[in-house]
Amino acid sequence: MKNYPPEFKADAVALYESRPEATIRSVAADLGINPETLRNWVRGQGPGSTSIPSAGPTSPT
């Protein structure tokens with residue numbers, strides 16, 4: 001499993017969001033990453049969120 005820097009993740013999500021005609025699959029192919037990886041990053045971005053969720057366990061709130 002590859003470990004991507006947070007900056008790369010944020011840039012990848014921003015790229016996808018800036019191209020409304022693009023699919024996750026096409027953006028992931030452009031970046032050389034797995035589409036499911038990008039999909040997870042995009043799903044982790046809520047409205048106004050600036051952070052990428054970590055892969056670690058989360059505690060209930």
Side-chain angles (χ1 to χ4, degrees):
M1 179 181 226
K2 287 188 178 182
N3 213 357
Y4 296 98
E7 298 82 15
F8 179 80
K9 294 177 183 182
D11 288 346
V13 170
L15 178 63
Y16 169 71
E17 290 176 344
S18 72
R19 295 170 57 187
E21 76 288 350
T23 63
I24 285 182
R25 185 177 299 274
S26 67
V27 173
D30 290 346
L31 297 172
I33 62 175
N34 185 299
E36 284 304 313
T37 299
L38 179 57
R39 187 180 326 277
N40 288 334
W41 296 345
V42 169
R43 285 181 181 161
Q45 293 289 304
S49 176
T50 57
S51 64
I52 302 292
S54 68
T58 58
S59 60
T61 54

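Of all the heavy atoms in Val27 and Ala12, the pair that sits closest is CG1-O, 4.4 Å. Across all their heavy atoms, Tyr16 and Thr23 have their closest contact at CE1-C, 3.8 Å. When all heavy atoms of Pro35 and Ala28 are compared, the closest pair comes out as CA-CB, 3.6 Å.
Scored by the salt bridge (charged side-chain N to carboxylate O under 4.0 Å, His left out) test, Asp30 finds Arg19 as partners (sequence neighbours excluded). For Arg39, the side chain to side chain contact (heavy atoms under 4.5 Å, CB included) test picks out Ile24, Glu36, Arg43, with sequence neighbours left out.
With rounding to the nearest 0.5 angstrom, the NZ atom of Lys9 is 14.0 Å from the CG atom of Leu31.
Between Trp41 and Tyr4, the distance separating the two ring centers is shorter than 6.0 angstrom.
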